[in-house]
Novice: 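Let me give you the structure first, and then I'll get to my questions.
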Amino acid sequence: MTGPVIAVNGLRCSYGDFEAVRGVDFEVAQGELFALLGTNGAGKTTTMETVEGHRPPAAGTVRVFGMDPWQNRAEVRRQVGIMLQDSGFAGDLTVGETVRLWRSMVSRASDVDTALDALSLGHRRDVAVKRLSGGERRRLDLVLAMLGRPRLLFLDEPTTGLDPESRRATWEVVRGLLAEGTTVLLTTHYLEEAERLAHRLAIMHRGRIAVSGSLVDVLASRQARIDFVLPRPAVLPRLRGSVSADDAGSYRITTRDLQRDLHALLSWADEHGLRLGGLRARNASLEDVFHGVREEDDVREGEVAV
Ligand SMILES: Nc1ncnc2c1ncn2[C@@H]1O[C@H](COP(=O)(O)OP(=O)(O)OP(=O)(O)O)[C@@H](O)[C@H]1O
């Protein structure tokens, strides 16, 4: 197959009169991890469930391996693994029994011990599922999702409730799957998770994708900042970015060309024998982009509502 593994065009999804997804487009290539980030209620899970084939779109098209996942559900399902936000396990079965039961239902299943050991659950094999901690259940969810060695894996908030060590172990497992060519669609509230794993990502807000691309592209969509304090008032050199200052002599340059403006500022300070106090230059972080998306969109929605 040469086309994208997932192709979503103009996707709209509604619950009754409420439109939860309002025109979403993205593609995911083979071996790529695409992360859907966003505010609560942005429509990430609804989008993912529609791509999984749980419901038909209200409008637009979804293709998975070139097929409609709603119409060709059985065919698509054979090739995917799904880790839901909350899997319904039979609590009285042990971890080992649960995995063996699941294994009997998938083709191309991997070895039970290998799968359990990869997520540090080997020593919990004989424990009833209902006795597992929340984090262990989450890891069992992932073991089951990847048991059939799927070509495409859906991970809906896979590390929620995990301690930092378990989270890192999960990332390692996901990286291993990517290295083998598995394609992954991930939703997460952890920006660091997306920063570490995603080849490309999208930030959703109120049913739309506000910004998407590689991490570098997404960060470049917002301005960088240079902060410093001047010992005495002075006229700054010509810069590409905009300058703001307060009465205490604290300056902030907001710029799309960090390298050029920083160079101009430092050269100017040298020429004038000025020492820039508390000098700090940084690109936008994913957190800045995230908050910016929410603020800008809220302002726009407010304007529309007036
Ligand atoms: N079964 C449902 N019936 C009615 N409304 C729903 C239903 N499921 C979700 N919604 C609404 O649709 C919107 C999108 O929900 P969705 O769960 O897709 O968002 P999300 O981005 O995954 O949110 P979160 O980060 O909080 O999990 C929300 O406003 C939610 O309240």
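Atoms within a ligand are numbered from 1 in the order they appear, just like the ligands themselves. What you are looking at is a predicted structure, and each value in this text was computed from that prediction instead of being measured.
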Novice: Numbering the atoms of ligand 1 from 1, which are under 4.0 Å from a heavy atom of E157?
Specialist: 27 (O)

Novice: Answer yes or no: is there an ion pair linking R131 with D126, defined by an N-O contact shorter than 4.0 Å?
Specialist: no

Novice: Do W268 and L274 touch side chain to side chain, with heavy atoms closer than 4.5 Å?
Specialist: yes

Novice: Is R175 salt-bridged to E172, going by a charged N under 4.0 Å from an acidic O?
Specialist: yes

Novice: Give a yes/no verdict on a cation-pi contact between R167 and Y190, requiring under 6.0 Å between NZ or CZ and the six-membered ring centre and an angle within 45° of the axis.
Specialist: yes

Novice: Does any N/O atom on G38 come nearer than 3.5 Å to any N/O atom on ligand 1?
Specialist: no

Novice: Quick check: does any side chain N or O of R125 sit under 3.5 Å from a backbone N or O of G122, one acting as donor and the other as acceptor?
Specialist: yes

Novice: Is there a polar contact between ligand 1 and G41, counting only N or O atoms under 3.5 Å apart?
Specialist: yes

Novice: Which atoms of ligand 1 sit under 4.0 Å from any heavy atom of T45?
Specialist: 17 (O), 18 (O), 20 (P), 22 (O)

Novice: Which ligand 1 atoms, with their elements, are less than 4.0 angstrom from a heavy-atom of F18?
Specialist: 11 (C), 12 (O), 13 (C), 29 (O)

Novice: Who passes side-chain contact (heavy atoms from CB on, under 4.5 Å) against D246, sequence neighbours left out?
Specialist: A248, S250

Novice: In ligand 1, which numbered atoms sit nearer than 4.0 Å to a non-hydrogen atom of T46?
Specialist: 14 (C), 15 (O), 16 (P), 18 (O)

Novice: Would you confirm whether R139, through its side chain, and S120, through its main-chain N or O, come within 3.5 Å as a donor-acceptor pair?
Specialist: yes

Novice: Considering only heavy atoms of H189, which atoms of ligand 1 have at least one such atom less than 4.0 Å away?
Specialist: 24 (P), 25 (O)

Novice: Does A42 reach ligand 1 with a nitrogen or oxygen that is under 3.5 Å from one of the ligand's nitrogen or oxygen atoms?
Specialist: yes

Novice: Using heavy atoms and a 4.0 Å limit, tell me yes or no: is T39 in contact with ligand 1?
Specialist: yes

